[in-house]
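We number each residue from 1, following the sequence as shown.
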Amino acid sequence: MRNRFPLFLGVFTIMALSNAIVPELASFGDSTIAQGTIYSAYFLGAFLLVLPAGLIADRAGELPLVRGGLLLTVASGVLLTLTTSTLLIVVFRVIEGIGAGLFVPAALSLINSRPDHETSSGYFMAMLNIGLVAGLIASGWLVEMTGFGVSGIATFTLIGAIPTLASMVMQPGGGQPRPAREPIRNTGRRLLRVIQEYFWLWISTIVLLGITGALTSLYPEFSDLSPALVGLVIAGMSTATAIAVIVVSHAHLPPIPTIKGASLAMAAAVLCVFFSPVFFILVGAIAGVVMIAQLAYLAESETRQGVVMGLFNAASYGGMTFLPVLAGFIAELTTFVLAFAIIALSAVLVAFTIGRCRCRLAPGAAGDPPSS
């Protein structure tokens, strides 16, 4: 538990802090462009670091990245409470994203290397989504109660000091045996191999997790709901994901058939959201099923988890970054009907392509370059 506590509370804090700025975003930027830039800066920092962090985790170990990510998160939180400059806020949000980009792949690499990786990854992803919800709701409430625009950021920054200090007593390797360090050339070869072998798995991650971002970005303009209700809908989706990942992590479902079935269910859920926002809960639950199935597949296929966790997070952030833009572009040039239809169709395509993944199911099976 000493090695998991900083990871679970750490990911909660990092995600909460990433959303803590949202309720008061208008006060940090004087235009929609500035506000969008401030919000997206975090995802840019995370997207740029998750893959390098995965590579470093396999080369130097996960623990320095876990500690560094938490330290950067706390530091960025402190800096965000001390400035009103839009430019500096963007810079500090990038730093905050870099902290997340260092922490998440390394933490997942530690968790996915454990014998109980399914249940542990379920709790980890649950805390991730609960953190997102807490960042939205608790920060908005704190701002209203205190009248202090950065009260949410300050609160979660203080909470972040707890896992940061706790990470200092974590055991190297999370208490689990580590494979011998491999030459950097072999790490590069393994990176190319897993990109090719798991190509359709990465596509499923981009599409199925990116769909949640696409729907989130489309719905405020598509619906006549108030901003408060839209916030509740999005919070409901994240809450459903948190519940689903815990339930599914105890079910031990076969990964590929699960992803295939979830893809078809996601397509249906997207079409249902077109008619009612209630079905955002279903979208969130299906996303949770997909996450656990993908993580379980990767845990069963690779001995070294850093590279695949880096790619998994890069695909996740990539989907959340680019699918909303694509969906908005389609809706702007055509209609919302076509945008929703294309999003649903992309999920159907995943169901037909995921079976083509050439992943290996034996941990550390042949294909890994020899370690030295």
Asks: Quick check: is Tyr297 connected to Ile195 through a chain of hydrophobic side chains (ILVMFWY, heavy atoms under 4.5 Å apart)?
Replies: yes
Asks: Between Ile342 and Ser346, is there a side-chain heavy-atom distance shorter than 4.5 Å?
Replies: no
Asks: Report the C-alpha distance between Phe275 and Phe340 in whole Å, list the side-chain angles of each, state the deciding distance to 0.1 Å, and finish with yes or no for side-chain contact (heavy atoms from CB on, under 4.5 Å).
Replies: CA-CA 11 Å; Phe275 296 100; Phe340 274 80; over 6 Å; no
Asks: Which value, rounded to the nearest 0.5 Å, describes the distance between Ser167 atom OG and Leu71 atom CG?
Replies: 6.5 Å
Asks: Can any side-chain N or O of Glu96 pair as donor or acceptor with the backbone N or O of Ser18 at less than 3.5 Å?
Replies: yes
Asks: Side-chain contact, heavy-atom cut-off 4.5 Å: Leu70 with Leu102?
Replies: no
Asks: Give the cluster check for Val94 versus Leu88: same hydrophobic cluster or not, with ILVMFWY residues linked at side-chain heavy-atom distances below 4.5 Å.
Replies: yes
Asks: With the 4.5 Å side-chain cut-off for hydrophobic clustering, are Val91 and Leu49 part of the same group?
Replies: yes
Asks: Look at the aromatic rings of Phe124 and Phe103 and report parallel, tilted or perpendicular, splitting at 30° and 60°.
Replies: parallel
Asks: Which heavy atom in Ile281 sits nearest to a heavy atom in Ala240, and how many Å separate them?
Replies: O-CB, 3.2 Å
Asks: Do Phe199 and Val308 belong together in a cluster built from hydrophobic side chains that touch within less than 4.5 Å?
Replies: yes
Asks: What closest approach, in Å, do Ile259 and Gln294 show between heavy atoms, and which atom pair accounts for it?
Replies: CD1-CG, 3.7 Å
Asks: Run Leu311 and Leu191 through side-chain contact (heavy atoms from CB on, under 4.5 Å) and show every step you take.
Replies: CA-CA 9 Å; Leu311 285 167; Leu191 172 63; 3.9 Å; yes
Asks: Supply the atom-to-atom distance Phe92 CZ to Leu87 CG, rounded to the nearest 0.5 angstrom.
Replies: 9.0 Å
Asks: Could you tell me whether a side-chain N or O of Trp200 sits under 3.5 Å from a main-chain N or O of Phe352, the two making a donor and an acceptor?
Replies: no
Asks: Might you work through the side-chain contact (heavy atoms from CB on, under 4.5 Å) test for Leu298 and Tyr198, ending with a clear yes or no?
Replies: CA-CA 9 Å; Leu298 294 171; Tyr198 306 142; 4.1 Å; yes
Asks: When hydrophobic residues are tied together by side-chain contacts of less than 4.5 Å, even through go-betweens, does Leu7 share a cluster with Ile162?
Replies: yes
Asks: For Leu208 and Ser263, work out which heavy atoms get closest and say how close.
Replies: CD1-OG, 3.4 Å
Asks: Rounded to the nearest 0.5 Å, how far does CE of Met168 lie from CE of Met170?
Replies: 11.0 Å
Asks: Are any side-chain N or O atoms of Ser76 and backbone N or O atoms of Thr73, one a donor and one an acceptor, separated by less than 3.5 Å?
Replies: yes
Asks: Do you know which two heavy atoms are closest between Tyr42 and Tyr317, and how far apart they sit?
Replies: OH-OH, 3.9 Å
Asks: If I take atom CG from residue Leu295 and atom OG from residue Ser121, how far apart are they, to the nearest 0.5 angstrom?
Replies: 5.0 Å
Asks: For the residue pair Ile98 and Leu48, establish whether any side-chain heavy-atom pair is separated by less than 4.5 Å.
Replies: no
Asks: Passes side-chain contact (heavy atoms from CB on, under 4.5 Å), Phe329 versus Leu333? Steps please.
Replies: CA-CA 6 Å; Phe329 184 75; Leu333 292 183; 3.1 Å; yes
Asks: Any chance you could measure Leu282, atom CG, to Met266, atom CE, to the nearest 0.5 Å?
Replies: 8.0 Å
Asks: Considering only heavy atoms from C-beta outward, does the side chain of Pro6 approach that of Val66 to under 4.5 Å?
Replies: no
Asks: Where do Ala20 and Phe156 come nearest, in terms of heavy atoms and distance?
Replies: CB-CD1, 4.2 Å
Asks: Please check: side-chain N/O of Thr241 versus main-chain N/O of Met237, any donor-acceptor pairing under 3.5 Å?
Replies: yes
Asks: Determine yes or no for a side-chain-to-main-chain donor-acceptor pair under 3.5 angstrom, with Asn19 supplying the side chain and Met15 the backbone.
Replies: no
Asks: Hey, does Tyr219 have a side-chain heavy atom less than 4.5 Å from the side chain of Val273?
Replies: yes
Asks: With Leu215 as reference, evaluate Phe222, Phe280, Phe279 under the side-chain contact (heavy atoms from CB on, under 4.5 Å) test and give the passing residue.
Replies: Phe280
Asks: Out of curiosity, Leu80 CG to Ile153 CD1, how far, rounded to the nearest 0.5 Å?
Replies: 5.0 Å
Asks: Give a yes or no on this: more than 12 heavy atoms of other residues, nucleotides or ligands lie within 6.0 Å of atom CZ of Phe43.
Replies: yes
Asks: If I compare all heavy atoms of Ala100 with all of Pro105, which pair ends up nearest, and what's the gap?
Replies: O-CD, 4.0 Å
Asks: Any side-chain heavy atom of Val50 within less than 4.5 Å of one from Phe312?
Replies: no
